[in-house]
Amino acid sequence: MAKVDCDLSVSTVPTAPIAGQKPGTSGLRKKTKEFMSENYLANFVQSVFNTLIEMKTPVQGGTLVVSGDGRFWNPEAIQIIIKMAFAAGVSRVWCGTGGLLSTPALSAVIRARGKGFESFGGFICSASHNPGGINDDYGIKYNCENGGPSPEKMTDLMVEWTAKIAEYKICDKIPDLDLSKPITYDLGDGKSVEVFDCVEDHLAVLKTCFDFDSIRGLISHPDFSMTYDCMSGVQGPYAIKIVEGELGAAAGSCKNAVPLPDFGGPESAWHGHADPNLTYAVELVRDMGLNKEGLPIASDKPIPKFGAAADGDADRNMILSSQFFVSPSDSLAMIVANSDLIPQFKDGLKGCARSMPTSGALDIVAKKKGIECFEVPTGWKFFGNLMDSGTHYFPDKKTYTPFICGEESFGTGADHVREKDGMWAVLAWLQILAKKTEKSGKLVTCEDVANEHWKEYGRNYYARYDYEGVDKAKAEEMMKMMSDKAGSLAGQEVGGMKMKTNDIFEYVDPVDGSVSKNQGIRYIFEDGSRIIFRLSGTGVAGATVRLYLEKYEAADGSLNQHQFEVVKPLAAIALELSQLQSYTGRETEHILNHSVLLFARCFVVVCRDL
C-alpha cells in the first residue's frame, strides 16, 4: 500500500444547470468537447451522487468502481470522478489498471470482486461503439449495485437534479494518481484507491460459465484457426489474456488489441468507429473472405475457421466463420438452442429475452424448448429486472434464471453479469463448436451450426437500415404521423400484404410493473412479417431513424436466399407507410437497390450525411 499525504478538504463549487443532460438507453453521450467544457462532467456526476443519496444508496463509507473504455479524455475524467466521489462520502474507489474496464467487466467487478457485491455501483466512462477523440464522442453511465444500468426511475431523478443543480463538491487538492499498475493508495482518513488488474475479475466470472479445457481442445484442433479483431478498443487486454493466454490461441490471433484513445482514428480501416458489423469491421470481414454485403470474395491467404470482433467498450460482438456471417438475431437464437452444451446452463434455461426490434428467431426456439421468452424495449436495463426476478431484489416474483438475452445491435449476454458481454458471446460460440466437434469427430463451424438450426427452426430473414444525423423535429414528426394511425390498418392490404396490426410498442415490466411507452412503431402482417421504426437513443447529434424488416421462412422453405430478395417487398411497403424521404429529405432508392443492400447474412446500411 502506498501512503499519499494529501489535503482531503471538500471544495464547494457554484454551478448552474446545463441543458440536455438526459441519459439515453446507454448513458449520457455528447461530443467530447462538450464534456470537456466547464462543469459539464461535474454537473452530471454530482447529479448522480445527489440521486444516489436521495434514494438512500449507501454512498457514505461505501465502495465505488470508476473506469472506462480508454477513449480520449478518460484519464482526466476518471481523476475528476475519484475526487468528487470522496467529496460525496465514498471511502474506497476501485479502478482497473490504466483506468480500463470493459462494460461487462465493470459489471463483473461490482458483482464478484472481493466477497461479492461490496460496491454500491460504478461509473463507466464510455460511449460504446461511437468514435473516440477530441472531435468525436464521449459518454458516461452509472451502473447500480446489481452491476446493471440505472433503471428509468433512477435516470429520471438524475435528470431532475441536472435541471436544478446549484453546486458540486470535489476534493480538488487530492493529486492525480498513477493508475497504470496494480497498487492501493492510502489517502488517509479511511480513504483509499485500489488499482487492480482490469481483466482478473471478468476472467474469474467467465471461468464459472465455460469449460476452458474443452475450448482449448477446439483451439488446438489441427483444422481450427481463428482471429479476433478488438478494433483498438478496450477488449484488447481481455482478448490477449483470455483467448491467447488462457485458451492457447496462436500469438497474433487477437488483432488491433492495443486500446487507443481514438480507437485507431480516421487513419484506421474502420475510421475509428469501433463497431463490430459488416460496415465498420472491414479488416475482419475481409480476413474472413467476405465483402461489406456479406457475400463471399476471393482471398489470397488462408481464411480462418472462426472470426469475431468487439466494439469500443467490448459489450458487443460479431461472429463469423469462413465466408459466412452469423446475424446477431440468429446468434442469440442459436446460442439458446444449443445452451445445453454450455456448462453455465447445465441445469437448463428458465428464461430468455430479446429487444423488440430483434427478429423472432428466439421466440421460435423458446416455444419449442418450453422456455419463457420476453420481448422488451431496446436497452439492456430492461433485461435486468427479469434476471433479478426471484432474487432478494424481487423475492416474491418468479425466477427466470439461468437466463440468456440479446439485441439485434450485436449485443448478447446472460445472467452472469448485468450487461451485454462480447467476450461471453465469443466464448459461448467457441464452447458450442468445441462440444459439437468433440461429438462429431470432425471440426464443426458456425456455418454448420446455422444450417442445422435453420433446417430445424426455419429462418427469419432480417435487415436493418440506419438514417443518422436526421433533423430531430422532422424525425419526430414522421414518427407521430405513424403513431396517429396506430390500430387503424388492421385487415387492410398494403403492397399486396395483409396487415394484422399496427401499434406503438409499450412494455409493462412483469417484475416491477413499470410501464415504458412509445418504444417504437410496429407493423405486423398476417404472415408474421414485421416492419419496425424507432428513434435511437445512442446518438450524439440529430436523430437516428432505424428501420427493421423481417420475414420468416419455414424449415421446409427456401433457406438460402439473398436477404434483398426476401425483404424487398417489405422495404417498398415501409417507404410507403413512413413517407421517409418526404419527412427526412434522405434518398431511399438504396433500399430497393440490389447493389448496396446488405444481403442474406447482413446487418446494416448506414445512410449518413458526410
Side-chain angles (χ1 to χ4, degrees), residues 23 25-29 45 48 52 57 62-71 74-75 77-78 81-82 85 90 92-114 116-129 132 138-151 154-155 179 182 193-206 209 230 233-239 241-242 259 274 310-317 379-381 383-384 387-388 411 413-425:
T25 56
S26 296
L28 179 65
R29 296 182 187 175
V45 171
V48 173
L52 296 174
T57 302
T63 297
L64 177 72
V65 187
V66 183
S67 285
D69 62 8
R71 69 180 52 236
N74 260 14
I78 290 170
I81 297 169
I82 290 172
V90 171
R92 180 172 59 171
V93 174
W94 282 344
C95 291
T97 45
L100 299 176
L101 279 177
S102 70
T103 292
L106 178 127
S107 184
V109 167
I110 293 173
R111 296 177 63 82
R113 185 163 182 80
F117 298 98
E118 292 187 20
S119 168
F120 64 80
F123 284 101
I124 184 79
C125 296
S126 171
S128 189
H129 56 287
Y138 196 81
I140 186 170
K141 181 172 72 168
Y142 178 79
N143 280 28
C144 300
E145 74 278 0
N146 71 339
S150 305
M154 180 176 284
T155 56
L179 308 179
V193 176
E194 180 183 341
V195 185
F196 55 89
D197 182 285
C198 65
V199 179
E200 62 185 16
D201 295 293
H202 193 206
L203 172 58
V205 171
L206 291 171
C209 301
C230 302
V234 75
Q235 189 74 300
Y238 298 85
K241 189 164 186 176
I242 296 173
D311 68 331
D313 67 330
D315 61 351
R316 298 188 184 200
N317 73 95
W380 208 258
K381 59 189 175 185
F383 296 126
M387 290 188 274
D388 285 336
D415 59 284
H416 63 296
V417 293
R418 293 297 182 268
E419 287 280 5
K420 49 183 174 279
D421 188 343
M423 182 60 76
W424 180 92

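Positions are given from 1, in the same order as the sequence printed here. Predicted model only: the values in this text are computed from it and were never measured.
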N146 and M387: side-chain contact (heavy atoms from CB on, under 4.5 Å), yes or no, with the steps? CA-CA 10 Å; N146 71 339; M387 290 188 274; over 6 Å; no

Between [atom1] on residue [X] and [atom2] on residue [Y], distance to nearest 0.5 Å:
X	Y	atom1	atom2	answer
M423	H202	CE	NE2	7.5 Å
I78	L101	CD1	CG	8.5 Å
D313	E419	CG	CD	8.0 Å
L206	W424	CG	CH2	10.0 Å
R418	E145	CZ	CD	11.0 Å
I81	Y142	CD1	OH	12.0 Å

What are the two closest heavy atoms between [X] and [Y], and how far apart are they?
X	Y	result
A108	V205	CB-CG2, 4.0 Å
V90	G62	CG1-O, 3.3 Å
S128	R71	O-NH2, 3.0 Å
G68	V234	O-CG2, 4.1 Å
G139	A127	N-CB, 3.8 Å
Y238	S102	OH-N, 3.1 Å

Assess the side chains of S107 and N143: does a donor N or O sit below 3.5 Å from an acceptor N or O? no

Cut-off 3.5 Å, side chains only: do D197 and T97 have a donor facing an acceptor? no

Would a 4.5 Å heavy-atom cut-off, applied to side chains only, mark [X] and [Y] as touching?
X	Y	answer
N74	D69	yes
S67	C198	no
F117	R111	yes

D315 side chain to T103 backbone, donor-acceptor under 3.5 Å: no

Consider side-chain contact (heavy atoms from CB on, under 4.5 Å). Of T155, L52, V48, which one does S150 pass it with? T155

Chi angles and distances behind the side-chain contact (heavy atoms from CB on, under 4.5 Å) call for T63, R113: CA-CA 11 Å; T63 297; R113 185 163 182 80; over 6 Å; no

